[in-house]
A.B. asks: 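Have a look at this one before I ask anything.
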Amino acid sequence: MVPRQQKAEELRALGHNPYRNDFRPTHTTREVREAVGALPPADAEGAAPAAAGPRFRVAGRIVEYRGFGKATFVKLADRHERLQVYLRRDVLGEAAYALFKKAESWDVIGVEGYAFVTKTGELTLMAEQCVLLTKTLRPPPEKWSGLKDHETRYRQRYVDLVVNPGVAEVFRRRSRIVQRIRAYLDQRGFLEVETPMLHGTLGGAAARPFRTHHNALDLPLYLRIAPELYLKRLVVGGFERVYEIGRNFRNEGLSRNHNPEFTMLEFYQAYATYETLIELTEDLLGGLVREFGDGTTLSYQGQAIDFSRPWPRLSVAEAVLRGAQRSGLALDAAQLADEQALLAWCESSGLSQRSDALGQGLRAAAGHGQRLGVLFDQLGEAVLPQDRPVFVVDYPAATSPLARRNDADAERVDRFELFIAGREIANGFSELNDPVDQRERFRQQLEGRRAGDEEAMEYDEDYCRALEYGLPPTAGEGIGIDRLVMLLCDQPTIRDVLFFPHLRPEAALGRVSPRAVSERAAQSRRRLQSERPSSRPARLLDVLSDE
RNA sequence: GAGCCCAUAGCUCAGUUGGCAGAGCAGUAGACUUUUAAUCUAUUGGUCGGGAGUUCGAGUCUCCCUGGGCUCACCA
C-alpha cells in the first residue's frame, strides 16, 4: 500500500490534490459510443484520427493499464461500460503526461479528448486533457483470476462488483425485476405504501424476532417479521389495493435460502380471493420469466422449469401421501383426514418416536392441523415437482391464523403457497375478516406461546379493533423478492443476490492483525486509566470503532 | 446448535515422507508512441488465520479458538 500513498504525497507536493472534485463529465462511456455511432464511420486505418470531431469528457476507474513509455492505453470503467483511452505524451504535453504517469490501476481519472478507432478496431478516446481524481491506496485483485474467495467477495463487495462483471449484472437485473413488479402493480391500481418496521406487537408471520428498545419512550420493540397486519389496517381505511416492498427481519439461522433481513413484497386486494391472486401470480411471474428467462421456461441451476399456464396445484394432503409413499410408509387419504386415525398412524408407524425433526415436530403438534403441517414440511415438500412451479393448496386452519376458513370445510383455509425449484416463493390467502374468529385464532396463538412456541403471534388487540370496523373481503400475498431474484438470475445462494449478506463480524477474524487489535486495546487501557473511575468502561466495540 | 471440508505474499494458487517458504499477476526500478492477460530486464514483498502441544526440527502431525463453505437442524 505504501508506494501508492507515496505517489499521493508526491502529487500533493506538486500542488495537485489527489482527491479533487472539479471534473464534470459530459458523457458516460456508453454515451460516447452512442454519439460516435451516429457519426460517419471512423477511419479504420487509424492513420488520421478524427481530431476534428467532437470532444468528450469522461471519468472512470482505470481497470486496465498498458504503458509504453511515451504512450499509454488504459481502460476506463464507469457506471455503464468500459472505454479505452489512449494517452500520448505528444498530445497531452510533457507536464500533463508526467502527472498522468502517477496514476495506476484502479485510480479514478477524468479525461477530455476525441474519439477514434484504433487499427485493431476498438473505439478509443484520444486524451488531450487528463486529471487524476482519486488516488487508490490499495492494489486491485489479480487481473486474470480476479477475486474468488467468497468471504472477501461478500465482505468487500465494492471490490467484487468492479472485478467480477457478472456480479454487478445480477444486481442490475435485481433492480429491473423490482421495477417491473412495481410497474405491474401500479398499472393495476395498487398503491405503494410504507408501514412501520418497529413493531410493538409481534404478528403477521411465524418467526422469532429481533428485539430492540426505544430509549425516549423506554419501550421494548420488535423489528418487524412481516408488514401484513399494518397493510390490512390500510385496507380497512379504504386503500383497497396496497403493496409494500421492504425488509423483514427474522431471528433465524443462515443458509443459502435465508438471510436474517430479507426483502418481501406484500400486496392486498379487496374484493378478491386467493384464486384471484393465483391468477395474478401466474401473470406477474410469467411476465418476468418471459423477460428474464426463455419464453415460458426458465433454466435454474441446470434444471429447466416450465412456466406454461396453468401451473399445477397440489393439496397439502396429496403431497403428504406422496411423501409417505416415497418414504415407504403405508398411509391412505382416509387415515390422513381423520384426527384419531392419523394420530394412531403416527404412533404405529414409529414416526412419533423418531428423534429427528419429524418426530419432534409430531410430538409438539397441538392438533390435527399442526400435525398435517409437520408432515407436509418433513415429507411433502420433498416430493414437489422441480420442473414446474407448484401451488400447494388446502392448508389447515391451525397453521394459518390470519387466513379465511374455507366455506365448505372450516378446518381448512383458502390459502396457497407457491413452490419453485423446491423453495417457497410466495404465500397468499383470502384474508380472515371475521373479527370474532380472528380473536379466537389469536387466543390459540397465545396458548401456543404459553406452551413454548416462540414463533407464535402475539394477540394484536388493535388489529382486532380494526377488523371490527370492517375489513372488506380481501386477499393478500407475500412474495420473497430475494428468492425470486435467485431464480431469475440463476443464482444458487441468497448471498449472491444480496449486496451485503449477513456474516459474522470480521473483527474476531484472524485476518485483522492481532498487533493492531492489541495496539487499540492498549490505547483504550491508557485512556481508561486517565479517565475518572466513575466513567463507563470501554467495551470492545468502542475500542474497535475508535479511529 | 451438529457433522464434514477449507484458511500459505495485495490477488490466484503450488508446497512431496515432518527437513532452507515458492510461482504467476500486482508493486518497485529501467527499456518501449496502436496495446488487448502488451512485451523484455532486474527486483521488493511472508506472524503459512490465532494459540498451545508432539518433535532435534512443524506450512505439513495433534488439540483448542476464529472466520468461511457444504450438509443437517431452526425457518409451522
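Only a predicted model underlies this, so the values are computations on that prediction, with no experimental measurement involved. Letters go in sequence order (proteins before strands), and every chain restarts at 1.
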A.B. asks: Tell me what A:Phe376 touches on the nucleic acid: a base, only sugar-phosphate, or nothing, going by heavy atoms under 4.0 Å.
C.D. replies: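 Contact class for A:Phe376: none.
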
A.B. asks: Which residue lies toward the 5' end of RNA chain B, A:Glu64 or A:Leu503, if each is placed at its nearest nucleotide?
C.D. replies: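 So the residue in question is A:Glu64.
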
A.B. asks: In whole angstrom, give me the gap between the C1' atoms of B:A23 and B:G46.
C.D. replies: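 Result for the C1' pair: 14 Å, nearest Å.
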
A.B. asks: Separation of A:Arg155 atom CZ from B:A7 atom P, in whole Å?
C.D. replies: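 Checked: the CZ to P distance equals 17 Å.
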
A.B. asks: Is the shortest side-chain N to carboxylate O distance from A:Arg250 to A:Glu455 below 4.0 Å?
C.D. replies: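 Salt bridge between A:Arg250 and A:Glu455, a charged N being under 4.0 Å from a carboxylate O: no.
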
A.B. asks: Both A:Ala357 and A:Gly67 contact RNA chain B. Which one's nearest nucleotide lies toward the 5' end?
C.D. replies: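 So the residue in question is A:Gly67.
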
A.B. asks: Tell me whether A:Phe73 is stacked on the nucleobase of B:U35, counting only the six-membered base ring and applying the 5.5 Å and 30° thresholds.
C.D. replies: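 Per 5.5 Å and 30° rule: yes, stacked.
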
A.B. asks: Please state whether the rings of A:Phe68 and A:Phe73 are parallel, tilted or perpendicular, taking 30° and 60° as the class boundaries.
C.D. replies: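 A:Phe68 and A:Phe73: perpendicular rings.
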
A.B. asks: Under 4.0 angstrom, heavy atoms only, what part of the nucleic acid is A:Leu362 near: base, sugar-phosphate, or nothing?
C.D. replies: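 Nothing, no heavy atom under 4.0 Å.
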
A.B. asks: For A:Arg208, which contact category applies under a 4.0 Å heavy-atom criterion: base, sugar-phosphate, or nothing?
C.D. replies: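 Sugar-phosphate contact only.
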
A.B. asks: Say we look at B:G30 and B:G51: how far apart would their C1' atoms be, to the nearest angstrom?
C.D. replies: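 Here B:G30 and B:G51 have their C1' atoms 45 Å from each other.
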
A.B. asks: Taking the C1' atom in each of B:A31 and B:G45, what is the distance between them to the nearest angstrom?
C.D. replies: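 Approximately 24 Å lies between the C1' atom of B:A31 and that of B:G45.
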
A.B. asks: Answer with base, sugar-phosphate or nothing: what part of the nucleic acid does A:Ala207 contact at a heavy-atom distance below 4.0 Å?
C.D. replies: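 Nothing, no nucleic acid heavy atom in range.
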
A.B. asks: By the 4.0 Å heavy-atom rule, please label A:Arg153 as base, sugar-phosphate, or nothing.
C.D. replies: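 No contact.
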
A.B. asks: Between A:Arg138 (CZ) and B:A9 (P), how many Å, whole number?
C.D. replies: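 My rounded result for the distance is 15 Å.
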
A.B. asks: Taking the six-membered ring for Trp, are A:Phe100 and A:Tyr65 parallel (under 30°), tilted (30 to 60°) or perpendicular (over 60°)?
C.D. replies: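 Taking A:Tyr65 first and then A:Phe100, their aromatic rings lie parallel (interplane angle under 30°).
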
A.B. asks: B:A76 C1' sits how many Å from A:Leu358 CG, rounded?
C.D. replies: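 Distance, rounded to whole Å: 13 Å.
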
A.B. asks: At under 4.0 Å between heavy atoms, what does A:Asp90 touch on the DNA or RNA strands: base, sugar-phosphate, or nothing?
C.D. replies: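 Answer is base: heavy atoms of A:Asp90 come under 4.0 Å of a base.
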
A.B. asks: Does any N or O donor sit under 3.5 Å from an N or O acceptor when you compare the side chain of A:Thr72 with the base of B:U33?
C.D. replies: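 When only heavy-atom distances are counted, A:Thr72 does not reach the base of B:U33 through any donor-acceptor pair under 3.5 Å.
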
A.B. asks: Could you check whether A:Arg405 pairs with A:Asp437 (Lys NZ or Arg NE/NH1/NH2 to Asp/Glu carboxylate O, under 4.0 Å)?
C.D. replies: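 Salt bridge: yes.
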
A.B. asks: Heavy atoms under 4.0 Å, any strand shown: does A:Glu424 hit a base, just sugar-phosphate, or nothing?
C.D. replies: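 The answer is nothing, as A:Glu424 stays clear of every strand by at least 4.0 Å.
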
A.B. asks: From the set B:C74, B:U28, B:U33, return the single nucleotide nearest to any side-chain atom of A:Gln378.
C.D. replies: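 The answer is B:C74.
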
A.B. asks: B:U44 C1' sits how many Å from A:Arg4 CZ, rounded?
C.D. replies: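 Atom CZ in A:Arg4 sits about 15 Å away from atom C1' in B:U44.
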
A.B. asks: Under 4.0 Å: is that the gap between some side-chain N or O of A:Arg256 and OP1 or OP2 of B:U71?
C.D. replies: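 Result: yes.
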
A.B. asks: Answer with base, sugar-phosphate or nothing: what part of the nucleic acid does A:Ser355 contact at a heavy-atom distance below 4.0 Å?
C.D. replies: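 No contact.
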
A.B. asks: Which part of the nucleic acid, if any, lies within contact of A:Arg250, taking any heavy atom under 4.0 Å across all strands shown: a base, the sugar-phosphate backbone alone, or nothing?
C.D. replies: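 No contact.
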
A.B. asks: Whole angstroms only, please: what is the NZ-C1' distance between A:Lys143 and B:G27?
C.D. replies: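 Result: 12 Å.
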
A.B. asks: Indicate, with a heavy-atom threshold strictly under 4.0 Å, whether A:Gly146 touches base, sugar-phosphate, or nothing.
C.D. replies: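 Since only primed, P, OP1 and OP2 atoms lie under 4.0 Å of A:Gly146, the category is sugar-phosphate.
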
A.B. asks: What's the gap between B:U39 and B:A26 when it is taken at their P atoms, as a whole Å value?
C.D. replies: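 So the two P atoms sit 8 Å from each other.
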
A.B. asks: Name the nucleic acid region contacted by A:Glu455, choosing base, sugar-phosphate or nothing; use a 4.0 angstrom heavy-atom cut-off, strictly under.
C.D. replies: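 Answer is sugar-phosphate: A:Glu455 comes under 4.0 Å of backbone atoms only.
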
A.B. asks: Do A:Arg55 and A:Tyr114 form a cation-pi contact, if we require the NZ or CZ to be under 6.0 Å from the six-membered ring centre and within 45 degrees of the ring's axis?
C.D. replies: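 No, A:Arg55 does not sit over the ring of A:Tyr114.
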
A.B. asks: Taking the same atom, C1', in B:G27 and in B:U12, what whole-Å distance lies between them?
C.D. replies: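 Rounded to whole Å, the distance is 16 Å.
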
A.B. asks: For B:C4, give its Watson-Crick or G-U wobble partner with both distances under 3.5 Å, or none.
C.D. replies: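 Paired with B:G69.
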
A.B. asks: Is it true that A:Tyr274 and A:Phe429 have ring centroids separated by less than 6.0 Å?
C.D. replies: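 No; A:Phe429 has its ring centre 6.0 Å or more from that of A:Tyr274.
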
A.B. asks: Could you check whether the side chain of A:Arg88 and the base of B:U33 have a donor-acceptor pair of N or O atoms closer than 3.5 Å, going by distance alone?
C.D. replies: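 Looking at the base of B:U33, it does pair with a donor or acceptor on the side chain of A:Arg88 (distance under 3.5 Å).
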
A.B. asks: What's the CG-P distance between A:Leu87 and B:C32, to the nearest Å?
C.D. replies: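 Rounding to the nearest Å, CG of A:Leu87 and P of B:C32 are 18 Å apart.
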
A.B. asks: How many angstroms lie between CG in A:Leu362 and CZ in A:Arg371, if you round to the nearest 0.5 Å?
C.D. replies: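 With rounding to 0.5 Å, CG (A:Leu362) is 7.5 Å from CZ (A:Arg371).
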
A.B. asks: For A:Arg504, answer base if it contacts any base atom (sugar-phosphate contacts may also be present), sugar-phosphate if it contacts only those atoms, and nothing otherwise; contact means non-hydrogen atoms under 4.0 Å.
C.D. replies: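 Sugar-phosphate, backbone atoms only, no base.
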
A.B. asks: Nearest-Å distance, CD (A:Glu142) to P (B:G45)?
C.D. replies: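 My rounded result for the distance is 21 Å.
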
A.B. asks: Need one value for A:Pro401: base, sugar-phosphate or nothing, where a base atom within 4.0 Å counts as base even if backbone is also close, heavy atoms only.
C.D. replies: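 Result for A:Pro401 = base.
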
A.B. asks: For A:Gln301 and A:Asp490, test the side chains for any donor-to-acceptor distance below 3.5 angstrom and give the result as yes or no.
C.D. replies: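 Yes - a donor-acceptor pair under 3.5 Å links their side chains.
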
A.B. asks: Distance criterion of 3.5 Å, no angle test: do you see the side chain of A:Gln84 paired donor-to-acceptor with the base of B:U35?
C.D. replies: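 Between B:U35 and A:Gln84, which were checked side chain against base, a qualifying N/O pair under 3.5 Å is present.
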
A.B. asks: Could you tell me how far B:G67 sits from B:A42 if I compare only their C1' atoms? Round to whole Å.
C.D. replies: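 Pairwise C1' distance, B:A42 against B:G67, rounds to 39 Å.
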
A.B. asks: Whether A:Lys70 contacts B:A31 is assessed here as follows: a side-chain N or O lying under 4.0 Å from the phosphate OP1 or OP2. Is that the case?
C.D. replies: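 No, A:Lys70 has no side-chain N/O under 4.0 Å of OP1/OP2 on B:A31.
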
A.B. asks: Per the atom types in the model, does the base of B:U34 pair as donor or acceptor with the side chain of A:Glu122 at under 3.5 Å?
C.D. replies: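 No, no donor-acceptor pair under 3.5 Å.
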
